[in-house]
Amino acid sequence: MTGTRSSAPSSPSAGEPQGSAREREIVEARVVVTSPGRNFVTLKLVTRSGVYGLGDATLNGRELAVASYLQDHVVPNLIGRDAGRIEDTWQFLHRGAYWRRGPVTMTAIAAVDVALWDILGKMAGLPLYRLLGGRSREGALVYGHANGRDIGEASDAVGGFLEQGFLAVRAQCGVPGVKKAYGISSGKAYEPAESELPAETVWNTPRYLETAPKLFERLRADHGSQVELLHDVHHRLSPIEAARLARDLEPYRLFWLEDATPAENQQAFELIRQHSVTALAVGEVFNSIWDCKHLIERQLIDYIRTTIVHGGGISHVRRLADFAALYQVRTGFHGATDLSPVTMGAALHFDTWVPNFGIQEYMFHSEETDAVFPHDYALREGRLHVGDTPGHGVDLDEALAAKYPYAPKQLPVARLEDGSMWDW
Ligand code: EZ4
Ligand code: CO
């Protein structure tokens with residue numbers, strides 16, 4: 001899918017200053033959908049001088065909605081614009097749509113925003129973290145995903161991450177009597193969107209509430225007090241159940257307990273806070289500062305997980321992070337494999353700069369994905385390090401991408417044992 005202006009990219013004309021408005025004009029915008037192991041949507045913007053920028057636009061299980069939003073409604077507005085007007089373009093797309101917020105809109109805006117920051121970096125000859133304000137740390141602490149069908153298997157998986165040098169690990173395990181619990185995959189790597197139509201999973205709150213504290217008791221016994229341990233409830237509990245779990249997990253000092261209860265009602269977290277000092281994280285499904293304003297102002301959370309691709313890009317998430325810093329809330333960006341290497345690259349530059357950094361989620365992408373998106377970030381001793389390539393440092397091999405056509409996949413759903421729909 002593509003949109004172009006009649007004149008193709010050309011080299012800058014003699015006498016024109018480097019990075020002039022004419023050189024910065026966006027002359028081509030392409031939406032690339034590819035499935036190297038899983039689906040990714042990428043926006044490529046090209047300027048008259050031939051510099052291009054890439055933005056991730058992947059919304060797991062709803063990919064083509066964002067592709068259409070971009071291709072049909074955003075691309076016609078981009079051709080002819082000055083790629084240097086990052087803030088104005090953000091405001092134009094956000095205010096101009098009239099219909100603000102929501103995952104589809106904010107993911108589409110994020111793709112444009114990240115592509116424009118990438119272009120700015122390439123034109124300036126600077127890596128993105130330098131544009132944001134420079135380095136605050138050497139590397140970004142990351143956490144891996146350990147899971148097992150039972151507690152023993154999950155503990156072995158945590159041990160595997162520690163052997164690889166990870167300093168922080170998220171742990172999930174199966175719940176006795178519950179078929180297909182969250183976080184446990186049939187394959188080796190955890191990959192939630194497994195089938196064309198949603199897989200049906202089962203949920204049982206009392207059994208889960210019995211199992212989770214036992215898992216962390218075992219992990220501390222097996223692996224000691226140093227490793228940072230994290231856990232994701234994936235929105236399954238009511239506020240009072242979440243409060244009980246947070247209290248029961250206190251002895252095991254989690255780095256955080258994630259998505260303990262849904263947060264459409266931000267006041268729900270007040271109940272958890274009243275009962276526990278376990279650190280709380282939420283926000284991978286948020287897409288705007290307004291989704292977490294109360295949570296942050298009332299100091300109901302410790303980490304905000306909203307990341308660049310689903311949160312309106314660098315321009316909006318930077319505001320969110322600055323606001324969070326006022327309340328000592330730190331960042332802990334979502335980083336599952338459905339966020340493409342383009343998001344991971346942009347997020348790592350952000351993590352390298354942002355003063356109130358907490359941690360970065362990191363799951364290895366497949367070899368096919370890494371080949372389609374060559375990048376310069378690298379894992380060393382439990383931290384991810386960005387390179388000094390101008391922009392965000394992630395590229396797209398379009399010829400290779402074309403070999404992996406879109407393959408429809410949806411996220412699972414969850415039901416209680418009596419058949420009632422539940423939160424997945
Ligand atoms: O289920 O990214 O913390 N990580 C997560 C993820 C999400 C998927 C949804 O697409 O909860 O695994
Ligand atoms: Co999560």
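In each ligand, atom 1 is the first atom listed, and ligand 1 is the first ligand listed. Basis for what follows: all heavy atoms, side chains included, without hydrogens, waters or symmetry-related copies.
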Checklist entry - Can you check whether Trp424 has an N/O within less than 3.5 Å of an N/O in ligand 1? => result no
Checklist entry - Any ion pair linking Arg81 and Asp88 (charged N to carboxylate O, less than 4.0 Å)? => result yes
Checklist entry - Between Arg220 and Glu228, does at least one N-O distance fall below 4.0 Å, as a salt bridge requires? => result no
Checklist outcome for this item: atom 11 (O) of ligand 1 has as its nearest protein heavy atom Glu284 OE2, 2.8 Å
Item to check | Quiz item: cation-pi between Arg415 and Trp203, 6.0 Å / 45° | outcome: no
Checklist outcome for this item: protein heavy-atom neighbour closest to atom 6 (C) of ligand 1 works out as His334 NE2, 3.6 Å
Checklist entry - Does the distance from a Lys or Arg side-chain N to an Asp or Glu carboxylate O, for Arg305 and Glu258, drop under 4.0 Å? => result yes
Checklist entry - For atom 1 (O) of ligand 1, which protein heavy atom lies nearest, and how many Å away is it? => result His234 NE2, 2.8 Å
Checklist entry - Name of the Glu284 N, O or S atom nearest the Co ion (ligand 2)? => result OE1
Checklist entry - Are Met363 and ligand 1 in contact, using a heavy-atom cut-off of under 4.0 Å? => result no
Checklist entry - For ligand 1, which atoms sit closer than 4.0 Å to a heavy atom of Asp232? => result 3 (O), 4 (N), 5 (C), 11 (O)
Checklist entry - What N/O/S atom of Glu258 is the closest to the Co ion (ligand 2)? => result OE2
Checklist entry - If every non-hydrogen atom of Thr307 is compared with every non-hydrogen atom of His334, which pair is closest and at what distance? => result CG2-O, 3.7 Å
Item to check | Within the 6.0 Å centroid threshold, strictly below: His231 and Phe216 | outcome: yes
Next on the checklist: If I apply the N/O under 3.5 Å rule, does Asp338 come out as touching ligand 1?
Outcome noted: yes
Next on the checklist: Could you tell me, atom by atom, which parts of ligand 1 come under 4.0 Å of a heavy atom of Arg170?
Outcome noted: 3 (O), 4 (N), 5 (C)
Checklist outcome for this item: Per residue Asp232, nearest N, O or S atom to the Co ion (ligand 2) is named OD2
Item to check | From CA spacing to verdict: ring-ring contact (aromatic ring centres under 6.0 Å, His included), Phe333, Phe350 | outcome: CA-CA 10 Å; Phe333 286 168; Phe350 197 102; 5.3 Å; yes
Item to check | Minimum-distance pair of heavy atoms, taken over all atoms of Tyr208 and Val233 | outcome: OH-CG2, 3.4 Å
Item to check | Proximal atoms of ligand 1 relative to Glu361 (non-hydrogen, under 4.0 Å) | outcome: 3 (O), 4 (N)
Next on the checklist: Could you walk me through whether Arg170 and Tyr143 satisfy the side-chain hydrogen bond (donor to acceptor under 3.5 Å, both in side chains) test, starting with their C-alpha distance in whole Å, then the side-chain angles of each, then the deciding distance to 0.1 Å, before giving a yes or no?
Outcome noted: CA-CA 6 Å; Arg170 183 189 100 157; Tyr143 69 91; 5.7 Å; no
Next on the checklist: Using a 4.0 Å cut-off to any heavy atom of Arg305, which atoms of ligand 1 qualify?
Outcome noted: 3 (O), 4 (N)
Next on the checklist: Using a 4.0 Å cut-off to any heavy atom of Asn60, which atoms of ligand 1 qualify?
Outcome noted: 10 (O)
Checklist entry - Under 30°, 30 to 60°, or over 60°: which ring-plane class applies to His375 and Tyr377, parallel, tilted or perpendicular? => result parallel
Item to check | N/O separation below 3.5 Å, Glu258 to ligand 1 | outcome: yes
